2 protein chains.
Amino acid sequence: MKMSEGVEWAAHACTVMAALPPDKALRAEALAAYHALAPAYMAKHLQALARAGIVASSRGPKGGYWLAKEPAQISLWEIVAAIDGGEPAFRCSEIRRRGPCPTSRENCKKPCPIARSFHSAETAMRDALSGVTIQSICLDVAAGYKPADAKRFGDWMVATMTDRPPDK
Amino acid sequence: MKMSEGVEWAAHACTVMAALPPDKALRAEALAAYHALAPAYMAKHLQALARAGIVASSRGPKGGYWLAKEPAQISLWEIVAAIDGGEPAFRCSEIRRRGPCPTSRENCKKPCPIARSFHSAETAMRDALSGVTIQSICLDVAAGYKPADAKRFGDWMVATMTDRPPDK
DNA sequence: GGCATCATACTCGGATAAAGATTGTCCGAGTAATTCCGG
DNA sequence: CCGGAATTACTCGGACAATCTTTATCCGAGTATGATGCC
C-alpha cells in the first residue's frame, strides 16, 4: 500500500501556485526547479492535475499553470485522486463465492464484511484528507516564515512568474 | 495507492482458521483450495502471517497452520502490516528543503504540514482497521449462515483438518 | 514379540523467475510574440 | 510610417522506454509416520 510519490510533488506545487497573483502563471519547468525535481515528470503530474480540473493551463509563450479554484476549495484528497487514482486501495475479489463452500446467493446480496470494514477505514482516511485544504497548508507554512524567507520567496515568484493570457 | 491482493487472501484464511477446533491445523494447500486460490502463493502469504506471529505452523506430515492468538486479539491492521508492510503509504521526501527557496533550518524541526496531514489521515485508517477483529468478522459471517451452509462448512472442516503435534 | 533404527513421505520455508505498475523521458500539437513585406 | 500576414520560438499534451514492486512458482530443510532389522 504505497502512495505514488507524485502526490507529494503535486501537493507542494499547488501550495506554490496558491501564492500566485491573479492573472499570473508558472511554467512546469519553474515549478519543478523550485523543488529541484525532474522537469518532465513534474509536467506529467501537472497534466494530471489539469485533467482533474484542479489547475488550468495555457500553451505557447507566456504559458504555464495556475490554480483553477480557490485554495480553500482544493483538498488533499482531490490531489490524491488526480495523481494516484481515486480507486479504493482494497478491492474485493469476492473469493467467498469460490471454492467448495461458496457463500449462499442470499448472503452475497450484502457486501463481504471484510470488504465493508476496509471500505469504512478508507472512508475515514478520505474524509480526513478532504478536510485539509491547500489554503490551510499555506497558512500553516506561512506561520513559520521569517521576513527573510518571505522576501526570498517573493523575489523568486516575481522573477519567475509570467503573465498569462487574459481569457480562458 | 493499491493494497496488495494477498491481504484479502490472508484475512479470509484467518476467518477459516478461526473455526478450527483446538489442537487442529489446516494445510496451506487446503486453505488455498477453500477459496480456489493459487496454492504456492497462498503459502507465501501464510509464511508472512507466521513471521508476524499471527499464525503458528508445524512442518512434516500432519503439519499445517493455526491461529497463534485468539480471534478477538487479531485485527485487520495486523494482517495488513504482515502482508503489505506496516510502512506509511505517504512517505515525505523533504523536498521543501531542496531548490532555490529551501525551508529554514528552524522550520524543519517541525514536520512538513503536508506530511503531517497525510500521517493523521493514515492514522485514522489504521485505527479503524485496528478495531475490526477476526472474531467480529466471523460473528458477522456466521449470522448470515443457514443450517445447510453451516453443515457444509463443518463437513469440509472435519474432512480437511489434521491433528497437529501436541507441543510447540 | 518388543524395541530401536532407518528409510520414506509429506509439509513448511526461503530463494528464484514472470508480470504489471510506477517512474522517467521524449517528440509532436498548439499559441503568442516577432519579423518581414507591402501599402 | 503603419498594418497585416507568415514565421519563429516557446509551452503544454500525450505517446514511448526503463526500473521497481508485486505476483507467481519451484526446490530444499525439517518432521512424524511406517517399515525393517535386531535383540
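By convention in this document, chain letters (A, B, ...) are assigned in the order of the sequence lines, proteins followed by strands, and residues within each chain are numbered from 1. Note that the coordinates shown come from a computational prediction; the quantities given were computed from them, not determined experimentally.
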Item to complete: Please check if atom NZ in K146(B) has more than 12 non-hydrogen atoms from other residues, nucleotides or ligands closer than 6.0 Å.
Response: no

From CZ of R91(B) across to P of dC20(D) the rounded distance in Å is 14 Å

In whole angstroms, the gap separating P of dC20(D) from CD of E5(A) amounts to 13 Å

Rounded to whole Å, the CE-P distance (M42(A) to dG14(D)) equals 18 Å

Whole-Å distance, D163(A) CG to dA33(C) P, equals 9 Å

Nearest-nucleotide check on DNA chain D, H45(B) vs R27(A); residue mapping nearer the 5' end is R27(A)

Here the distance between atom C1' of dC12(C) and atom OH of Y41(B), to the nearest Å, is 18 Å

- request: Side-chain contact test, heavy atoms from C-beta onward, threshold under 4.5 Å: evaluate it for E5(A) versus I95(B) and give yes or no.
  value: no

For residues 27-45 of chain A, the side-chain hydrogen bond (donor to acceptor under 3.5 Å, both in side chains) pairs (sequence neighbours left out) are none

All heavy atoms of A82(A) vs all of A52(A), minimum pair found to be CB-CB, 3.5 Å

Of A28(A) and K2(A), the one whose closest nucleotide on DNA chain D sits nearer the 5' end is A28(A)

Identify the pairs formed between an N or O of the protein and an N or O of nucleotides 13-15 of chain C at a distance under 3.5 Å, and give each distance.
unit_1	atom_1	unit_2	atom_2	d
dG13(C)	OP1	S57(B)	OG	2.6
dG13(C)	OP2	Y65(B)	OH	2.8
dG13(C)	O4'	R59(B)	NH1	3.4
dG13(C)	N7	Q47(B)	NE2	3.1
dG14(C)	OP2	R51(B)	NH1	2.8
dG14(C)	N7	Q47(B)	OE1	2.9

Whole-Å distance, D23(B) CG to dA32(D) C1', equals 16 Å

Rounded to whole Å, the CG-P distance (L37(A) to dT25(C)) equals 11 Å

Between CG of D84(B) and P of dT23(D) the distance, given in whole Å, is 8 Å

Side chain proximity check, K24(A) to D163(A), heavy atoms < 4.5 angstrom: yes

- prompt: What nucleic acid atoms does G64(B) come within less than 4.0 Å of, heavy atoms only: base, sugar-phosphate, or nothing?
  reply: sugar-phosphate

Of K62(A) and G60(B), the one whose closest nucleotide on DNA chain C sits nearer the 5' end is G60(B)

The side-chain contact (heavy atoms from CB on, under 4.5 Å) partner of Y65(B) among V55(B), L20(B), V16(B) is V55(B)

Is there side-chain contact between T133(B) and S136(B), with heavy atoms separated by less than 4.5 Å?
yes

